[in-house]
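So that the names make sense, note that chain A is the first sequence line, chain B the second, and so on, each numbered from 1. Values below: all heavy atoms of this structure, side chains included; hydrogens, waters and symmetry mates excluded.
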Number of protein chains: 2
Amino acid sequence: MPDVKHFDPDATLETVVRLFWRQGVASTGIQDIVNATGLNRSSLYATFGGKMQLYHTALERYADSRSRPVLDRLAEDERGLPAVADFFTGLIETRCSGEYAQWGCMVSNAHAGAENVDPAIRALLDRQHKRLRDALHAALLNAQAHGQLAPGADPAATAEVLALLAHGVNLRSRAGADAGQLRQTVATALHAISCPAA
Amino acid sequence: MPDVKHFDPDATLETVVRLFWRQGVASTGIQDIVNATGLNRSSLYATFGGKMQLYHTALERYADSRSRPVLDRLAEDERGLPAVADFFTGLIETRCSGEYAQWGCMVSNAHAGAENVDPAIRALLDRQHKRLRDALHAALLNAQAHGQLAPGADPAATAEVLALLAHGVNLRSRAGADAGQLRQTVATALHAISCPAA
DNA sequence: CGCATCTTGGAATGACCGTTTCAAGATAGC
DNA sequence: GCTATCTTGAAACGGTCATTCCAAGATGCG
């Protein structure tokens, strides 16, 4: 019978996610990954394949373990606009303070890099953008049902606006944008789509 | 007396801008630049310095020759919201069709790359974001004067919202987002900030 | 224990990285 | 046309790139 792995692939992948998230795939070498994870080149290639395959796996892990829970919570929060506001508050908190401050969003970052020409990566970016938009859409439908939305507002189109706004927050936060200003900007946007009478 | 340059530095820099714009600084090698410009390494280094210095010069050229004219036109257009709408229409046109389709914005792209840790680059990103926001602010002040803006709307804060929206357009267009959908999204955003009575 | 099977360490692969060096070539004033 | 001064071509620099290979080590079953 064969030998078993002497390391935890899951923990390794989490380390790799952070490297690619912070530095991007083009600026991260295999040597960086070897140094950060402590495991050998052979084990890396045997377990995850080449660099781009590893990046794809890491990006998928990011989307599933970081984005998805937040988006699911947003979609299932039935309060309407307060749910959207909380989503953005949490987003700005994550982007501007703590361990991941000024790292931006790994998915947003991938949009701007040369890796987006890879069809598999681009499909992942489209899927993730759709998930973001759909979660916002669900929250806005609740907002409309509660009469929180401005009359005549289209929840689907507005969800797309807020999705692009989130991308903007991700980008600017990576360059060190002020959290307070981002919060005020989001508040302004939400005020613009909310019902004047409410 | 000395020899003179056997090439046009301005035309060379324009070629370099396109390389960095499309592929990013991390994925563009000096060899790529040598191949694209046709001139020698020695001439490159003697004229522009090293790679990062060349990237900085190229990014500044992009900001001055590509962004600035568009932003100046926006700031000087006194029509108000129609000026903003035209700005976004032109932006989406540039981002989604023609020679630069799916290249995104070189400044937005720089936000997501590892190059943003360079203080000189980050200062340039901040300056450029401020220019974008100020141009939008000027246009929104005109809109307010013309009674096009929703009552109670803050032109300064709204300008920041639209600036982040522009970043979102830049990002998503690079991943091949549909121009029609982007136009509709922008229209929705502008509708949300416009005066209901107008 | 012996053996088949997988993992691991570490060296080696050729290609490319950004940068430097230097001789040969080109130019403008004398 | 000579010379001083800059530009240009081409090779070479040490280092790092992603990837591969293979012997040595570890494992669980018979």
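- Contacts of B/Asp8 classified as side chain to side chain contact (heavy atoms under 4.5 Å, CB included), with partners at least two apart in sequence or in another chain: B/Asp10, B/Ala11.
- Between the NZ atom of A/Lys51 and the P atom of C/dA15 there is a distance of 19 Å, given to the nearest Å.
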Let me check something: any side-chain donor-acceptor pairs from residues 83-93 of chain A under 3.5 Å, sequence neighbours excluded? List them with distances.
{"from": "A/Asp86", "atom 1": "OD2", "to": "A/Arg79", "atom 2": "NH2", "distance (Å)": "2.8"}
{"from": "A/Thr89", "atom 1": "OG1", "to": "A/Ala85", "atom 2": "O", "distance (Å)": "2.9"}

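- Look at CG on B/Leu44: it is 13 Å from P on C/dT20, rounded to the nearest Å.
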Under 3.5 Å, side-chain donor or acceptor atoms of residues 173-182 of chain A against the rest of the protein: list the pairs with distances, not counting sequence neighbours.
{"from": "A/Ser173", "atom 1": "OG", "to": "A/Val169", "atom 2": "O", "distance (Å)": "3.0"}
{"from": "A/Ser173", "atom 1": "OG", "to": "A/Asn170", "atom 2": "O", "distance (Å)": "2.9"}
{"from": "A/Arg174", "atom 1": "NE", "to": "B/His111", "atom 2": "O", "distance (Å)": "3.2"}
{"from": "A/Arg174", "atom 1": "NE", "to": "B/Ala112", "atom 2": "O", "distance (Å)": "3.2"}
{"from": "A/Arg174", "atom 1": "NH1", "to": "A/Arg22", "atom 2": "O", "distance (Å)": "3.2"}
{"from": "A/Arg174", "atom 1": "NH1", "to": "A/Trp103", "atom 2": "O", "distance (Å)": "3.0"}
{"from": "A/Arg174", "atom 1": "NH2", "to": "A/Arg22", "atom 2": "O", "distance (Å)": "3.1"}
{"from": "A/Arg174", "atom 1": "NH2", "to": "B/Ala112", "atom 2": "O", "distance (Å)": "3.3"}
{"from": "A/Arg174", "atom 1": "NH2", "to": "B/Gly113", "atom 2": "O", "distance (Å)": "3.1"}
{"from": "A/Asp178", "atom 1": "OD2", "to": "A/Gly180", "atom 2": "N", "distance (Å)": "3.2"}
{"from": "A/Asp178", "atom 1": "OD2", "to": "A/Gln181", "atom 2": "N", "distance (Å)": "3.0"}
{"from": "A/Gln181", "atom 1": "NE2", "to": "B/Glu160", "atom 2": "OE1", "distance (Å)": "2.6"}

Is there any protein nitrogen or oxygen under 3.5 Å from a nitrogen or oxygen in nucleotides 7-12 of chain C, and what are the pairs?
{"from": "C/dT7", "atom 1": "OP1", "to": "A/Lys5", "atom 2": "NZ", "distance (Å)": "3.3"}
{"from": "C/dT8", "atom 1": "OP1", "to": "A/His6", "atom 2": "N", "distance (Å)": "2.6"}
{"from": "C/dT8", "atom 1": "OP2", "to": "A/Ser43", "atom 2": "OG", "distance (Å)": "2.8"}
{"from": "C/dT8", "atom 1": "O5'", "to": "A/Ser43", "atom 2": "OG", "distance (Å)": "3.4"}
{"from": "C/dG9", "atom 1": "N7", "to": "A/Asn40", "atom 2": "OD1", "distance (Å)": "3.2"}
{"from": "C/dG9", "atom 1": "N7", "to": "A/Ser42", "atom 2": "OG", "distance (Å)": "3.3"}
{"from": "C/dG9", "atom 1": "O6", "to": "A/Ser42", "atom 2": "OG", "distance (Å)": "2.6"}
{"from": "C/dG10", "atom 1": "N7", "to": "A/Asn40", "atom 2": "OD1", "distance (Å)": "3.3"}
{"from": "C/dG10", "atom 1": "O6", "to": "A/Ser42", "atom 2": "OG", "distance (Å)": "2.6"}

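- When hydrophobic residues (I, L, V, M, F, W, Y) are linked wherever their side-chain heavy atoms come within less than 4.5 Å, B/Val117 remains an isolated member.
- Atom NE2 in A/His56 sits roughly 19 Å away from atom C1' in D/dA18 (whole-Å rounding).
- For B/Asp126, the salt bridge (charged side-chain N to carboxylate O under 4.0 Å, His left out) partners two or more places apart in sequence, or in a different chain, are A/Arg172.
- Residue A/Met106 holds its CE atom at 11.0 Å from CZ of A/Arg61, rounded to the nearest 0.5 Å.
- Against DNA chain D, the stretch residues 8-36 of chain B makes no heavy-atom approach under 4.0 Å.
- Looking at residues two or more places apart in sequence or on another chain, you find a side chain to side chain donor-acceptor pair (under 3.5 Å) between A/Gln31 and A/Asn35, A/Arg41.
- Legend: residues meeting side chain to side chain donor-acceptor pair (under 3.5 Å) with B/Asn142, ordered by chain and number and at least two apart, are absent.
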